[in-house]
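What's counted below: heavy atoms across the whole structure, side chains too, no hydrogens, waters or symmetry copies.
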Amino acid sequence: MAHCSTSKEASLDEIITAAVKGMQKAESQYDIKGNYILCILRHMPKDQIKKVVDIGAKYLGKGVTAFDLAGGELPGFCEEFIPYAKYASEKGFHITIHAGEQGSGQNVYDAISMLGAERVGHGIHIKGHKGAYDLVKAQNVALETCPSSNVQTKAVDDLKSHPASKFLRDGVTITINTDNRTVSNTTMTDEVRKVIEEFELTEEEYFAIYQISAESSFASDEVKQLLLAHLPK
């Protein structure tokens, strides 16, 4: 996920176009595949949201894949964003919403039921909200858990107390992520190592997370198959 801001020199269109071209160039030079999620900060003015969606829609399937909301998480934030998530969904965007990081499981419930979230950023506080927990399981909504980041933001006390391992063993769909890896001073390799050690995951459990990550990604079916081909036979 990339964060960009407009200025007098660069318009929204120029920023998104440049980011997409940069990813396309990287894909041509390296053995990687990538897509962008257009991430709207909840505290920013809403008058540009539909414009961001409209511009991003030109690149759906060509480098842009989803709509997201992030930033400070107030209880009940979802209701005011219903028109924007609906607009993005109608344009063809996948929907992922940051929710349930700051103690409100209800926000996760709302993100799924009101905004149509297919994935949820963090979502760890469903552990205290039966309705949200049951809905996540029933709809197989993937949680984008970020263990190191959650410790740093004090969403959890330490890695040992992070609920992701219990979620996994109870059939909740979880993935492992870095969040903002420069702020958290981590990498995916380091994050996976920490999770395997702290959660005492078996090899089979790690591969289950890997498979979930590939299948719940917003990548094309072709890319998903490339990722799944790395699983042991």
Open item on the list: When you measure from the centre of the six-membered ring of Phe218, is the NZ or CZ of Arg119 closer than 6.0 Å and no more than 45° off the axis?
Closed with: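 Checked: cation-pi criterion met.
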
Task: From Thr153, Asn150, Asn107, residue fulfilling side-chain hydrogen bond (donor to acceptor under 3.5 Å, both in side chains) relative to His122 - done: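 Option passing the side-chain hydrogen bond (donor to acceptor under 3.5 Å, both in side chains) with His122: Asn150.
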
Is there a donor-acceptor contact under 3.5 Å linking the side chains of [X] and [Y]?
X: Ser148; Y: Glu191; result: yes
X: Glu101; Y: His125; result: no
X: Thr65; Y: Tyr59; result: no
X: Asn177; Y: Thr175; result: yes
X: Gln106; Y: Asp110; result: yes
X: Ser161; Y: Asp157; result: no
X: Thr96; Y: Asp68; result: no
X: Thr187; Y: Asp190; result: no

Keeping [X] on the side-chain end and [Y] on the backbone end, is there a donor-acceptor pair under 3.5 Å?
X: Lys224; Y: Glu215; value: yes
X: Glu14; Y: Ser11; value: yes
X: Ser184; Y: Arg181; value: no
X: Glu205; Y: Thr202; value: yes
X: Ser213; Y: Ile209; value: yes
X: Tyr36; Y: Ala19; value: yes
X: Ser149; Y: Cys146; value: no
X: Lys50; Y: Tyr84; value: no

Inspect the surroundings of [atom1] in [X] and state if more than 12 heavy atoms from other residues, nucleotides or ligands are less than 6.0 Å away.
X: Phe199; atom1: CZ; result: yes
X: Glu197; atom1: CD; result: yes
X: Glu79; atom1: CD; result: no
X: Arg42; atom1: CZ; result: yes
X: Lys46; atom1: NZ; result: yes
X: Lys154; atom1: NZ; result: no
X: Lys21; atom1: NZ; result: no

Task: side chain to side chain contact (heavy atoms under 4.5 Å, CB included) between Leu228 and Gln211, intermediate numbers included - done: CA-CA 7 Å; Leu228 292 171; Gln211 182 170 349; 3.9 Å; yes

Please tell me if the side chains of [X] and [Y] come closer than 4.5 Å, counting only heavy atoms from C-beta onward.
X: Phe81; Y: Ile49; value: yes
X: Val120; Y: Val136; value: no
X: Tyr87; Y: Phe93; value: no
X: Leu201; Y: Leu168; value: yes

What's the separation between atom [atom1] in [X] and atom [atom2] in [Y], rounded to the nearest 0.5 Å?
X: Ser220; Y: Asn35; atom1: OG; atom2: CG; answer: 7.5 Å
X: Lys127; Y: Asp170; atom1: NZ; atom2: CG; answer: 14.5 Å
X: Ile40; Y: Leu69; atom1: CD1; atom2: CG; answer: 7.0 Å
X: Ile112; Y: Ile97; atom1: CD1; atom2: CD1; answer: 10.5 Å
X: Gln152; Y: Asn185; atom1: CD; atom2: CG; answer: 8.0 Å
X: Leu135; Y: His129; atom1: CG; atom2: NE2; answer: 10.0 Å

Indicate, with yes or no, if [Y] and [X] share a hydrophobic cluster defined by side-chain heavy-atom contacts under 4.5 Å among Ile, Leu, Val, Met, Phe, Trp and Tyr.
X: Val156; Y: Ile176; value: no
X: Met44; Y: Leu74; value: no
X: Val183; Y: Ile37; value: no
X: Val141; Y: Ile82; value: no
X: Ile212; Y: Ile124; value: no

TODO: With salt bridge (charged side-chain N to carboxylate O under 4.0 Å, His left out) as the test, would you mind laying out the steps for Lys51 and Asp13 before giving the verdict?
DONE: CA-CA 9 Å; Lys51 185 176 180 182; Asp13 200 340; over 6 Å; no

Shortest non-hydrogen contact from [X] to [Y]?
X: Val20; Y: Lys62; answer: CG1-O, 3.4 Å
X: Ala132; Y: Val108; answer: CB-CB, 4.3 Å
X: His230; Y: Leu226; answer: CD2-O, 3.3 Å
X: Ile174; Y: Ala164; answer: CD1-O, 3.5 Å
X: Glu73; Y: Phe77; answer: CG-CE2, 3.9 Å
X: Ala88; Y: Val53; answer: CA-CG1, 3.9 Å

- [ ] Take Val192 and Met188 through the side chain to side chain contact (heavy atoms under 4.5 Å, CB included) test and state the conclusion after the steps.
- [x] CA-CA 6 Å; Val192 167; Met188 271 305 301; 3.9 Å; yes

TODO: Please work out which of the three classes, parallel, tilted or perpendicular, describes the rings of Tyr206 and Tyr210, given edges at 30° and 60°.
DONE: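 Tilted: the ring planes of Tyr210 and Tyr206 meet at 30° to 60°.
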
Open item on the list: Does Phe167 form a side chain to side chain contact (heavy atoms under 4.5 Å, CB included) with Ile126? I'd like the steps, not just the answer.
Closed with: CA-CA 10 Å; Phe167 289 167; Ile126 62 170; 3.6 Å; yes

Task: Check ion pair Asp54-Lys91 (N to O, under 4.0 angstrom) - done: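 A salt bridge is present here (some side-chain N lies under 4.0 Å from a carboxylate O).
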
